[in-house]
Amino acid sequence: MQYFSFINKSIKNYSNSAFDVKRFAILFQKLNLYIIGTCLLIPAIWYNVFDEGFIQKRTEVFTYKQRIKAQYEKLVDGYERRKELGIASSSPIRGYDEFYQGQLNRYHFRFGFVYGSMAITALPWLLILFWPAGPPIRVDRKNGLIYTRQWFRFYAARLEQLQPECKEFSASLERLGGPLIVSLYRPGKVYDEKGQLKRGIRIRIGCYIPPDLSHNRDILYCIEQFMKHEADIPEDLNPKKGWLEWSLVPAKKLPKQEKLDKKISYWFAKEKTKP
């Protein structure tokens, strides 16, 4: 089916009976981290390369032990000279440990300023490097379910329970195609006491940045056609990976199939049907 080639950026894995769709929210959040990280990195480069006052404070913080020791040696040397001239105070000079603790208090603000600015600058980039993407949403034609794992909990829905919403734009200030939003449910939490379909947990799916404004509707159409056995995934489909998905930590995965089968059976057993 040609439509599957339109959404190959949103497909993570696939087989004859199922395919996994990426989460839109994770990729959208990673782009925000790139923007925040870049905004913090620019002033950090300026301060560390061009601002002589900050460079001096940074150097003093990194070499504070040597500076305190040099100050104490200078103090002792001055005391010895005054003693030779007979003008030194009668009280003995403080020990090095006492002097060290007294001088250390002067560096507390510098410690917080220098190390705090470094930590704030590095944090977004650490999250980019080590933040794993959430597990994908699996479209399982064999079991007739769409499901995923969220915070170690299993959520699922039949095709007619998805309550899909195709957002026109990804954000108010962006003119990019929005995600496909679907409802998934905990076991036994699909219908309320009156038999009405609950809202469920709303999950945003699809790649970011979407290639066109109709990408979310293409994903929904492929899910519907696949679940109704009206279309199969082409064997030569080549899922693509975007630059926002790059991470040193592998993306989270769904449980193994044996464990998934137990969760699926339990979900069906707890499902409430409409009266």
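Keep in mind the model is a prediction, meaning the values are calculated, not measured.
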Student: Quick one: are the ring centres of Tyr147 and Phe154 less than 6.0 Å apart?
Tutor: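 Yes, the ring centres sit under 6.0 Å apart.
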Student: Should Phe24 and Asn216 count as side-chain neighbours, where that means a heavy-atom distance under 4.5 Å?
Tutor: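 A side-chain contact under 4.5 Å is absent here.
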Student: Given side chains that start at C-beta, do those of Asp140 and Ile146 come closer than 4.5 Å, heavy atoms only?
Tutor: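 They are not in side-chain contact.
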Student: Please answer whether the main-chain N or O of Leu129 pairs with a side-chain N or O of Ser247 as donor and acceptor at a distance below 3.5 Å.
Tutor: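 Yes, the answer is positive, given that a donor and an acceptor are paired below the 3.5 Å cut-off.
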Student: Indicate yes or no: at least one non-hydrogen side-chain atom of Val190 is less than 4.5 angstrom from one of Lys198.
Tutor: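 Sidechains of Lys198 and Val190: no contact.
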Student: Evaluate the side-chain proximity of Leu220 to Cys166: yes if any heavy-atom separation is below 4.5 Å, no if none is.
Tutor: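 Heavy-atom side-chain distance check passes, below 4.5 Å.
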Student: Would a 4.5 Å heavy-atom cut-off, applied to side chains only, mark Glu168 and Leu213 as touching?
Tutor: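 No; the side chains remain at least 4.5 Å from each other.
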Student: How about Trp243 and Lys30: do any of their side-chain heavy atoms sit closer than 4.5 Å?
Tutor: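 Sidechains of Lys30 and Trp243: no contact.
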Student: Could you list the cluster mates of Ile181? Members are the ILVMFWY residues connected by side-chain heavy atoms closer than 4.5 Å, either directly or through other members.
Tutor: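 None; Ile181 is a cluster of one.
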Student: Which atom pair, heavy atoms only, marks the closest approach of Tyr266 to Pro187?
Tutor: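 Looking at all heavy atoms of both residues, the closest pair is CE2-CB, 3.7 Å.
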Student: Whether the Glu235 and Tyr14 side chains hold a donor-acceptor pair (N or O, under 3.5 Å, no angle test) is what I'd like checked.
Tutor: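 Short answer, no.
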Student: Considering non-hydrogen atoms only, spot the tightest contact between Ile11 and Pro239 and give its length.
Tutor: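 Closest approach of Ile11 to Pro239, heavy atoms only: O-CB, 3.2 Å.
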Student: Please enumerate all residues that pass salt bridge (charged side-chain N to carboxylate O under 4.0 Å, His left out) together with Arg204, with sequence neighbours excluded.
Tutor: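 Checked Arg204 against salt bridge (charged side-chain N to carboxylate O under 4.0 Å, His left out); zero matches.
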Student: Specify whether Phe19 and Phe4 have parallel, tilted or perpendicular ring planes, treating 30° as the upper limit for parallel and 60° as the lower limit for perpendicular.
Tutor: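 Perpendicular: the ring planes of Phe19 and Phe4 meet at over 60°.
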